[in-house]
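Below is one structure, written out as structure tokens; comments come after it.
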Amino acid sequence: LKPCWVQQQPSSFHVGFTSGVVSMLGSVATFTTFFRASAPRAQTGLLPGTLDALRSDRRFFPKLAKPKDLIRTWKIRAGDMVYINSGKEKGNQGQVLLCDPARNMVKVKGLNLRKVKDDDGNVRYIEKKIHYSNCALIDPLDGRPTRVGLTFTEDGDVIRLAHRSGKVLPWPEDPKPKKDVSHVEGPKDTPPEKALEKTYDYNADQESIRIARLMMSKYNRT
């Protein structure tokens, strides 16, 4: 005789109990996921909008550089021609479009492209940022990458010197147009003569302070 296994049908109690446990575990997992997602700001007590809050919240904001890793002195500005010495764009050259000091990154024209689609479904390419350490300025003498040092002139201006040839690398012009800071006086503006007029009387102020002290000492007597 061969053994015969009989499969026992689960009762309604077992089915109801099992479904209840599964539902409860799913609710606990959902609550745990929500708590962990909101924990960085709730537990640390960081003010929303600050740099520390942006660094701790990875859900909506890109990664920012830590304060100890920030580059203190930037030798590259928008408009410079740089050489990429590392990464997938190694060996290419391009013009710097913008600098991001909060992330130690720069955006180079035509390099590190990314394909995106707009609302109409059209495909276009945009430049992604490249780390500052992967870029080197180009020596104007021979067109090769070089290290750069900073020095001060007698007037206090900062100039860049190429270590390769010793030539001066001029700073690029600011691509953004400068705003007109000229001010036109209006009817409610105070004229400079009236603003510089001396209206404070030291002797009168001393007399009022003396009278106030006498009044206070009169009412504070025991």
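Side chains are part of it too, since the values below use all heavy atoms of this structure and drop only hydrogens, waters and symmetry mates. In this text the structure is predicted, and so the values were computed from the model without any measurement.
- Side-chain contact check for L169 versus P140: some heavy-atom pair is nearer than 4.5 Å.
- For the residue pair V148 and K75, the shortest heavy atom distance occurs at O-NZ, 2.7 Å.
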What do the steps show when you test L111 against I84 for side chain to side chain contact (heavy atoms under 4.5 Å, CB included), and what is the final call? CA-CA 9 Å; L111 299 182; I84 309 301; 3.7 Å; yes

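- For D120 (side chain) and N122 (main-chain N/O), no donor-acceptor pair under 3.5 Å exists by modelled atom type.
- With N104 contributing its side chain and D69 its backbone, the two residues share a donor-acceptor pair below 3.5 Å.
- Using a 4.5 Å cut-off between side-chain heavy atoms of Ile, Leu, Val, Met, Phe, Trp and Tyr, with links allowed through other members, I76 and V108 fall into the same hydrophobic cluster.
- With contacts defined as side-chain heavy-atom distances shorter than 4.5 Å, the pair C135/I130 qualifies.
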Report the C-alpha separation of E127 and L113 in whole Å, then their side-chain angles, then the decisive distance to 0.1 Å, and conclude whether the side chain to side chain contact (heavy atoms under 4.5 Å, CB included) test is met. CA-CA 5 Å; E127 294 87 355; L113 298 177; 3.8 Å; yes

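- Looking only at side-chain heavy atoms (C-beta outward), V96 and R77 stay at 4.5 Å or farther from each other.
- Q95 places no side-chain N or O within donor-acceptor distance of the main-chain N or O of K109, the cut-off being under 3.5 Å.
- The main-chain N or O of L141 is found under 3.5 Å from a side-chain atom of D139 such that the two form a donor-acceptor pair.
- Using a 4.5 Å cut-off on side-chain heavy atoms (C-beta onward), V158 and F152 make contact.
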Verify side chain to side chain contact (heavy atoms under 4.5 Å, CB included) between D100 and K107, making sure each step is shown before the conclusion. CA-CA 8 Å; D100 191 354; K107 185 179 290 187; over 6 Å; no

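- For the pair R160 and V168, the minimum side-chain heavy-atom distance is 4.5 Å or more.
- Taking both residues in full, the closest heavy atoms of Y83 and G91 are given as OH-CA, 3.4 Å, listed atom of the first, atom of the second, then distance.
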Would T146 and I138 count as a side chain to side chain contact (heavy atoms under 4.5 Å, CB included) if you check the C-alpha gap in whole Å, the side-chain angles of each, and the deciding distance to 0.1 Å? CA-CA 6 Å; T146 177; I138 298 177; over 6 Å; no

